[in-house]
J.: 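There's a structure below that I have some questions on.
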Amino acid sequence: MPYTCPVCGYPHLEEQPHHPGAGGSDEICPSCGTQFGYHDGANDDLVWRTKRHEVLRRKWIAGGMKWHSKVDPVPGDWKPETQLRNIEP
Amino acid sequence: MPGVTIPWSALPPAPPPIVPPPNIPPPQPMLPPSDTPGFDKTFAPQPLPPPVAQPPRNPSLADILAPWIQPPDAEPPPPALPPSETPGLDKAIARINAPTPGFHLTPGLGGFSQPPMWSLPPPPQLLPMPPLPVPPRGGGLGTLGSTLSPIAPAPSPLIRTANGPAAPTMPQPGIGIPETLAQLARRLMPYATEMGAALGRTLPSVGAAGAGAFAAAPFLLMPSNTGSTTIDLGDGLRTSLPPGQRYVPIERRVAPGVFGTDVGAIWKQVPGLYGEVDPGRGVLVDPEQLREALGDEAANRILNTPGIMPMAKPPSDEQLPSLPGNNSASTPEPDNDQEPPKEPPHVDVTNPVSKGKNYAQASKGSSPGHRNSNGWGRPSTLAKHFTDHGADFAATDEEDYARQAQAFRQRALQKGLPTKIDPNGISRIYDPITNIFGAYNANGTTRTFYKPDPALHGYPTNMDYWNAQPGLLQGSP
């Protein structure tokens, strides 16, 4: 079951970004580069993490919404502005 | 005042306007000009552009993104900065705060600007943690004599709540008078019985002997803050039995606890000395290792302890875990792309039968794995982590990066680096000296490996980031 990146809305994460009580998945979002558990906090403080996601999202947008991964190729139909609609503003 | 009306004519006349004398210079800007023109320009008041009538147009990219890039509502303003001695930093800050071309959403905002680093939302648990006494593996009895109260209400360490790890034994207020050893013993007795029963449910080997018999054995069964059960081997030695783990380290008491007891004592792992949990029998130890580490007399005493038996064949180096919670090579399986568990195992705390069983099964389920050549847990992710973090370690290639990650884990064992283990058995290790962080699956394979950076994780310091990591800190002095 794919999961959605809470930062950029990329809809094909392989793992749930965070496990309650057990930290982040350490998966790196190929779209925005967020490593869950590193860039977005380590514990279960949802309020802080939500704000952190907003900060990371603004950074990614300000940086031009570039595809992060140099390992995973950019999907042919990838549209970052459309992808953002996968998350609640 | 209600009912009283003061006519305007009764008010005193307005004071005359204050006219500055000619020798007072006109008001100056509050900030003196610095050496960084860009910085001053950033903070200088910007005149608003006159409104220009624009023809109607289709929604632009900025219109689409507007809901996601609105500035935060309550971000605190950046604090006043003293005159900086680092012009380069000033320029960097000015660059961060500079309006970003292409994101002029609202004319009055002057464009979208990146929030300065100091305006990030404050992370949780920012209070600096003092060097607390390390929680003893005995669990809950750690602090000094005046805080012995957690014994009674502490839940079984084999019971996990649905929301998280085994309930940690937190000091609780209520008893302010030091208890005597007799009182302590009386409080421990029912707990030891409970632990015996729980262990009996968890380990079939012990269960065969019966929970009651186990509780009556000359072991001191104590709750542990690591979710494991501790067995006193005598002679200042003990071992812990984390659920689902086969090889267990043996520890030596290096500092006595309160009144010479194990309460609050400090324990260190005896290098190279392990016990093996043998379902159906008890804990097996290698007599040769034991004699080599402790001498003949102490080794013989331990070998005569009920439930402790000599092991026929000592484990090889590959089989031995390097950290508590690791039994990677004990149950090798062909799958080398082990998926970590998706969710912490659920334990029905209302069902006593399921308490230890589910936790043990869950731990066992997350433990087996195959140690591939470089020790990386999911090979498909290695390239991504190497790309992002390989430069932290000057790694030449993915293999080199993965090898360094495993070497760090081995060093953590030898040096006793701070280690946390979460309910899924994931170990997180941090070396504050070298600022290296590694996360490892329950089977010892690597999840990630990097040098934390406050600019990336958002906590004020790397130690704050480490303190926020989930899991229980493993006992180390």
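Chain letters run A, B, ... following the sequence lines, proteins first and then strands; every chain starts at 1. Here the structure is a predicted model, which means the values were calculated and not measured.
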J.: At what distance, to the nearest 0.5 angstrom, does CG of D26(A) lie from OH of Y440(B)?
T.: 11.0 Å
J.: Got a second to check how far D388(B)'s CG is from I28(A)'s CD1, nearest 0.5 Å?
T.: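 Reported value, rounded in 0.5 Å steps: 4.0 Å.
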J.: Heavy-atom distance under 4.5 Å to chain A: side chain of A439(B), backbone, both or neither?
T.: side chain
J.: Any side-chain heavy-atom pair from E15(A) and R378(B) closer than 4.5 angstrom?
T.: yes
J.: Going by side-chain hydrogen bond (donor to acceptor under 3.5 Å, both in side chains), name the residues that satisfy it together with Y430(B), two or more places apart in sequence or in a different chain.
T.: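 Scan of Y430(B) (side-chain hydrogen bond (donor to acceptor under 3.5 Å, both in side chains), adjacent residues dropped) gives N435(B).
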J.: Would you please name every residue forming a salt bridge (charged side-chain N to carboxylate O under 4.0 Å, His left out) with D40(A), sequence neighbours left out?
T.: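 Scan of D40(A) (salt bridge (charged side-chain N to carboxylate O under 4.0 Å, His left out), adjacent residues dropped) gives none.
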J.: Tell me, do Y38(A) and L456(B) make a side-chain contact under 4.5 Å, heavy atoms counted?
T.: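 Yes, at least one pair of side-chain atoms sits under 4.5 Å.
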J.: Considering all heavy atoms of both residues, which atom of P423(B) and which atom of G21(A) are nearest to each other, and what is their separation?
T.: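 That closest heavy-atom pairing would be CD-O, 3.3 Å.
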J.: Find the distance between NZ (K70(A)) and NZ (K384(B)) and round it off to the nearest 0.5 Å.
T.: 13.5 Å
J.: Please give me the minimum heavy-atom distance between A22(A) and D422(B), naming the atom from each residue.
T.: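 Looks like O-OD2, 3.0 Å.
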J.: Side chains of V71(A) and T387(B): closer than 4.5 Å at any heavy-atom pair?
T.: yes
J.: Is there a side-chain contact between Q35(A) and T448(B) (heavy atoms, below 4.5 Å)?
T.: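 Side-chain contact under 4.5 Å: yes.
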J.: Please determine, among G37(A), G41(A), P30(A), A42(A), the option with the most heavy-atom pairs under 4.5 Å with chain B.
T.: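 The answer is A42(A).
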J.: Do any N or O atoms from the side chain of R428(B) and from the backbone of G23(A) form a donor-acceptor pair under 3.5 angstrom?
T.: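 Flag not set: sc R428(B) to bb G23(A) has no pair under 3.5 Å.
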J.: Go through the atoms of F386(B) and report whether side chain, backbone, both or neither lie under 4.5 Å from a heavy atom of chain A.
T.: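 Looking at F386(B), nothing touches chain A.
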